[in-house]
Amino acid sequence: MDYQFKEIEKKWQGFWAQNQTFKAEATSDKPKFYVLDMFPYPSGAGLHVGHPLGYIASDIFSRYKRLKGFNVLHPMGYDSFGLPAEQYAIQTGQHPAVTTTANIATYRRQLDQIGFSFDWSREVRTSEPGYYKWTQWIFMLLFNSWYNLETDRAEDITTLIEKFNAAGNADVKAVCDEDVVSFMPSDWATMTPEEKQIILLKYRLTYLRESTVNWCAALGTVLANDEVKEGYSERGGHPVEQKKMMQWSMRISAYAERLLQGLNTIDWPEPVKEMQRNWIGKSVGASVKFPIAENEGFIEVFTTRVDTIFGVSFLVLAPEHELVSTLTTAAQADAVNGYIAQTKKKSELDRMSDTKTVSGAFTGSYVLNPITGEKVQLWIADYVLAGYGTGAVMGVPSGDQRDWLFAKHFGLPVVQILDSQTNIAEQADPTKEGKYINSGFITGMTYAEAIPAINSWLEAQNLGKAKINYRMRDAIFGRQRYWGEPIPVYFKDGLPYLIKEEELPLLLPEVDKYLPTESGEPPLGRAESWSYEDQYTYELSTMPGWAGSSWYWYRYMDAMNPDRFASEEAVSYWKDVDLYIGGSEHATGHLLYSRFWNKFLKDMGYVNEEEPFKKLINQGMILGRSNLVYRVIEADGKATNTLVSHGLKNQYKTTALHVDVNIVDNEILDIEKFKLFRPEFADAEFILENGHYICGVEVEKMSKSLYNVVNPDVLIENYGADTLRMYEMFLGPLEQSKPWNTNGIEGVFKFLRKFWRLFHNEAWEFNVSDAEPSKAELKTLHKIIKKVQDDIERFSFNTSVSSFMIAVNELTDLKSNNKQVLENLVVVLASYAPHICEELWQLLGNPAGSLSYAKYPVFVPEYLVEDEFSYPISFNGKTRLNLNISLSLDIPAVEQYVLADEQVQKYLEGKAPKKMIVVKGRIVNIVI
RNA sequence: GCUCAGAUGGUGGAACUGGUAGACACGCAGGACUUAAAAUCCUGUGACCUUAAAAGUCGUGCGGGUUCGAUUCCCGCUCUGAGUACCA
């Protein structure tokens, strides 16, 4: 029979489902291997051709690892809480759970027909109570924990209470809020439970904090920075304002150093690691207190160049700094208030684009240089950010270009501090070279000497100390939305308390509408008779999108467990994810939060690995490839009913229109289908070239509105899943972004037919030979065995596809139908094109389905050994001819053989070669 | 501005450790089969020059360098894409 992909694929997909072929074993003598895909948000649009790219790669890898004898865990699930379902619910009144379930069904159908080897018995959905029970449980664990800097790990809150009982909080080294006041054990003993709770909240790893958020009144929710565009919400275009709100936060900053150090232990793409390093933003420096001249107070400054403190000629506060109002003198009040007002008016965008203009205002107050006692002016300026460091900066114009510009603009002094600084009249020189001048007790020292000298001096005077600063802020953990995990907290007298563990999961209540209440409370405020013990109000915000995805890889290990997020046995068997594939857009969000929760769970003894994802691969984005037609415009700007082919469009004035890529083949427009697609052009005139209408091409993102979405269902219908899988890989390196172009898919389809034909005779009857394989056949086979295993292990899937084509071409040329060779080839190809291989495997006489757990053939190098090599002979690096020379000849013998050749003599033109390079089995180069 | 990634035929791409640049595939051209078309098969296909054939010159974004030999290593530049945004 000819290659009937539809029947074959249906048959084997049914077989795998029925026999649970890909169910991972809970325990096994085999080594474990955990292959994970970033699970999708099930959107209403379904999958387009770009989504499965990473899944195909991970599936090939999983199938390959099974053939290599591993117990493979390869699960899939859905990140099913999210804003789009909620938006849709607001518009239609349909419960998000209903639309989500329907969307998941579509995803499942689409995934199934691609032939993935997922273990569906472990499927997770973050919006199911059985799953989010454990997300809530982790939240409770965080609430009941604090970060002990002495042990450098999170601990149960009871160990903190013990410390308070024994010695108060003075000696406690913990990550906590900045405003904790110190107390004695006797104070602690006399506190009310409420007072104790207030203090403990300042230490808990999840805590309430007043934060400035992007509040969108129309949506009734808080938006992330990237959901806000120029002061309006990206979705809907509603105005967004800055608002202070009490919000749940996660003390991720406690883990900053460990998150940074851990990057050195994992095999991730360097750009992702770099992004995380920037996000964490560690800077080593010192914190310095500048006494205020007018009162007893201090202004604290963070600096990475404490060695330049003798060059300080002014101090700058952020306009939002809390001391600005008290330190502004009456004479300067107008200037300062005017400047603050002006800063507020500037949009985020203005402040960003306008980095060259120098602006600021003098407060009228002075501070004292803590070392020299010199009086320097105190300014405010918007180049200092309230949110970073202490919101105050010491101005050293000779060493910092921004300070230099500021000083020049406002006529403040520029003091040279290093003898190696040059040209400071023109610009700042940030050098660390040379010796200090004009610098008090560090004059004459080098940079390396000065830093510790100043730090110890400051510390002795209690005016500062060495400090490490991180840019990373604690993560806000509440959203004013409906479709997310409820936070398992209730309020009593304004203080938050956890519900009891046995009361989990706290179910998402039903509401009449998915909108905020009239009083501006989140949608959960609409739930009727929803209170804790019928009297206390629950927390009304829900968890953010990243909550459910920050631990889901553990749930897959033991997805059905009702008593624990995953059993201890499962966690210690599967350990961590060996290979994680997903998009780089999650570089600083999901991947950072997941590492944080993983480290926390390890501290608390629930998991065993410090890092969750050993190896990470980012698949590139598949871009859309749009097709355009060109409508002729008359001189007066009126659109005509004439369309001109791409090659002739420069002879006319035209506008481009997007046309559905599915009615274009190799840029040739199907005019009849086009007339149906755009009925207004039913009578249009087409100006053709060579009898065809040729469309223009543009690469942009894949989107319905650009008519460039290619649906995998259509390709599977026409060519089958095996062709789709191989073609997606054939497109290019996995990690590279590339436009989708269906044009080449025929080549892959032809390859599979050609492969099928190797097993069949002219009449399409199955026909293989039991003969001993020839040397040539074995060579082809072992070449591909080696090539594919090398390629898969370095994630170079595209090159394997070419090699398969070469192998099948070679066997076709050899007219080979050797059973032994073909059976091995089936196993090698099985990870890429599993359906056709299962079918052929069975036709070869093997038990149905046993291919998935067959043995990957062993590569035997001897079959590739050649006794001759066709040496390229080059002269001065230019190849002129090839000579077949025995590989048994040693280098001098090769030289002799080459020089004796008639053609070589011709190129030498009688001259003696100056030099001869012979690389055995590679090349001969003659220098003349 | 800074950081990172990339640039190879008409197109997607290959060349893994410095060793025959353009594998494989698409497209295109020509041919076979066919009443015809589709499908299939065969041949050719980087550019230039020349040709009956052969040979030759150039060629991996641009300019230099190292080397017997560079798509590959080094220096400088251009362009494209991604991330980031006054970080003290």
Side-chain angles (χ1 to χ4, degrees), chain A residues 269-275 277-279 281-283 285 301-306 308 316 318 348 351-358 381-385 387-396 399-403 405-406 469-471 584-585 587-588 618 620-621 623 625 666-668 697 699 727 730-733 735-748 750-751 753-754 757 787 790-791 794 796 798-809 870-882 913-919 921-928:
Chain A
E270 204 46 51
V272 176
K273 289 192 187 182
E274 197 58 31
M275 274 190 250
R277 284 190 195 108
N278 291 338
W279 190 265
K282 180 181 184 176
S283 37
V301 160
F302 176 74
T303 176
T304 52
R305 287 295 301 274
V306 72
T308 65
V316 191
E348 192 89 353
R351 259 175 100 158
M352 252 157 57
S353 55
D354 189 16
T355 59
K356 292 282 167 279
T357 325
V358 179
D382 65 4
Y383 81 83
V384 180
L385 307 174
Y388 183 77
T390 59
V393 170
M394 61 184 215
V396 184
D400 182 285
Q401 185 59 19
R402 271 169 335 185
D403 295 347
L405 286 168
F406 195 83
N469 200 45
Y470 297 93
R471 193 182 82 109
S584 58
E585 65 271 22
T588 48
N618 289 131
M621 219 199 340
L623 299 166
R625 189 172 178 283
N666 278 317
E667 325 320 342
I668 297 171
V697 174
V699 172
Y727 184 60
F730 190 55
L731 229 41
E735 301 192 63
Q736 216 165 73
S737 284
K738 56 222 157 216
W740 177 268
N741 186 348
T742 310
N743 288 349
I745 198 167
E746 291 276 352
V748 173
K750 276 193 232 167
F751 154 76
R753 278 196 74 193
K754 215 166 166 182
R757 209 167 48 199
K787 174 74 175 154
D790 289 353
D791 282 352
R794 64 191 173 99
S796 173
N798 55 323
T799 47
S800 290
V801 180
S802 307
S803 308
F804 282 125
M805 291 172 173
I806 294 168
V808 166
N809 288 346
S870 171
Y871 280 90
I873 313 297
S874 55
F875 296 81
N876 293 335
K878 274 183 187 147
T879 308
R880 297 295 180 182
L881 62 132
N882 281 42
K914 279 190 192 140
K915 196 173 172 184
M916 237 177 127
I917 292 110
V918 177
V919 183
R922 285 263 187 211
I923 198 166
V924 176
N925 190 17
I926 301 166
V927 186
I928 44 177

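As a basis for the values below, the full set of heavy atoms in this structure was taken, side chains included, without hydrogen atoms, waters or symmetry mates. Remember, it's a predicted structure, so these values are computed and weren't measured experimentally. Residue numbers start from 1 in every chain, and the chains themselves are labelled A, B, ... in the order their sequence lines are given, proteins ahead of strands.
For the C1' atoms, the distance from B/rG46 to B/rG69 is 22 Å, rounded to whole Å. The P atoms of B/rC42 and B/rC24 are separated by 13 Å, rounded to the nearest whole Å. Rounded to whole Å, the P atom of B/rA5 lies 24 Å from the corresponding atom of B/rG63. When the C1' atom is used for both B/rU50 and B/rA39, the distance is 40 Å, rounded to whole Å. For the C1' atoms, the distance from B/rC77 to B/rG6 is 16 Å, rounded to whole Å. Spacing between B/rU66 and B/rG27 at atom C1', rounded to whole Å, works out to 41 Å. Using atom P as the reference point in both B/rC16 and B/rA70, the two lie 16 Å apart (nearest Å). B/rU60 sits 36 Å from B/rU40 when the C1' atoms are compared, rounded to a whole Å.
Residue whose closest nucleotide on RNA chain B sits further toward the 5' end, between A/V801 and A/N741: A/N741. Nucleotides of RNA chain B nearest to A/G391 and A/N876 differ in position, and the one nearer the 5' end is that of A/N876.
Counting any heavy atom pair closer than 4.0 Å across all strands shown, A/V919 reaches a base atom. Using a 4.0 Å heavy-atom cutoff across all strands shown, A/R922 reaches sugar-phosphate atoms only and no base atom. Residue A/F730 is in base contact, counting any heavy-atom pair closer than 4.0 Å across all strands shown. Nucleic acid contact for A/L731: sugar-phosphate only, since backbone atoms but no base atoms lie under 4.0 Å from a heavy atom of the residue. A/P739 comes within 4.0 angstrom of no nucleic acid atom, judged by non-hydrogen atoms across all strands. Among the atoms of the strands shown, only primed sugar atoms or phosphate atoms (P, OP1, OP2) are found under 4.0 Å from some heavy atom of A/K750. Across all strands, A/K787 comes closer than 4.0 Å to base atoms (heavy-atom distances). A/N809 comes within contact range of the sugar-phosphate backbone alone, with a heavy-atom separation under 4.0 Å but no base atom that close. Nucleic acid contact for A/E746: none, since no nucleic acid atom lies under 4.0 Å from a heavy atom of the residue.
Applying the 90° cutoff around 0 to the glycosidic angle, B/rG9 is assigned syn.
When both distances must be under 3.5 Å, the Watson-Crick or G-U wobble mate of B/rG22 does not exist. In this entry B/rC4 has B/rG81 as its Watson-Crick or G-U wobble partner, both defining distances falling under 3.5 Å. Under the Watson-Crick or G-U wobble criterion, with both distances below 3.5 Å, B/rC41 is paired with B/rG31. Partner assigned to B/rC73 is B/rG65, using Watson-Crick or G-U wobble distances below 3.5 angstrom. Both distances falling under 3.5 Å, in either a Watson-Crick or a G-U wobble arrangement, occur for no nucleotide opposite B/rA88.
Relative to the side chain of A/I923, the nucleotides B/rG83, B/rU20, B/rA88 differ in distance, and B/rU20 lies closest. Nearest nucleotide to the A/N798 side chain, out of B/rC24, B/rA88, B/rA14: B/rA14. Side-chain proximity of A/T799 to the nucleotides B/rC68, B/rA15, B/rG83 is greatest for B/rA15. Among the nucleotides B/rC68, B/rG12, B/rA23, the one closest to the side chain of A/S802 is B/rA23. With B/rC4, B/rG19, B/rC87 as the choices, the nucleotide that has an atom nearest any side-chain atom of A/P271 turns out to be B/rC4. Of the candidate nucleotides B/rC41, B/rA88, B/rA15, B/rC41 has the atom nearest to the side chain of A/R757. The side chain of A/R753 sits closest to B/rA39 out of B/rU57, B/rC4, B/rA39. Checked against B/rU20, B/rC87, B/rA25, the side chain of A/M805 finds its nearest nucleotide in B/rA25. Nearest nucleotide to the A/R880 side chain, out of B/rG13, B/rC87, B/rG56: B/rG56. The side chain of A/R471 has B/rC87 as its nearest neighbour among B/rC68, B/rG13, B/rC87.
Remark: A/Q401 is not in phosphate contact with B/rC86, judged by side-chain N or O atoms under 4.0 Å from OP1 or OP2. Phosphate contact (OP1/OP2 of B/rU67, side-chain N/O of A/N925, threshold under 4.0 Å): absent.
With hydrogens and angles ignored, no donor-acceptor pair under 3.5 angstrom links the side chain of A/N743 to the base of B/rC26.
Annotation: the span from A/D403 atom CG to A/R305 atom CZ amounts to 11.5 Å, rounded to 0.5 Å.
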### side-chain hydrogen bond (donor to acceptor under 3.5 Å, both in side chains) evaluation trace for A/N809 with A/K754
CA-CA 8 Å; A/N809 288 346; A/K754 215 166 166 182; 2.8 Å; yes
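Of all heavy-atom pairs spanning A/P733 and A/K738, the tightest one is O-NZ, 2.6 Å.
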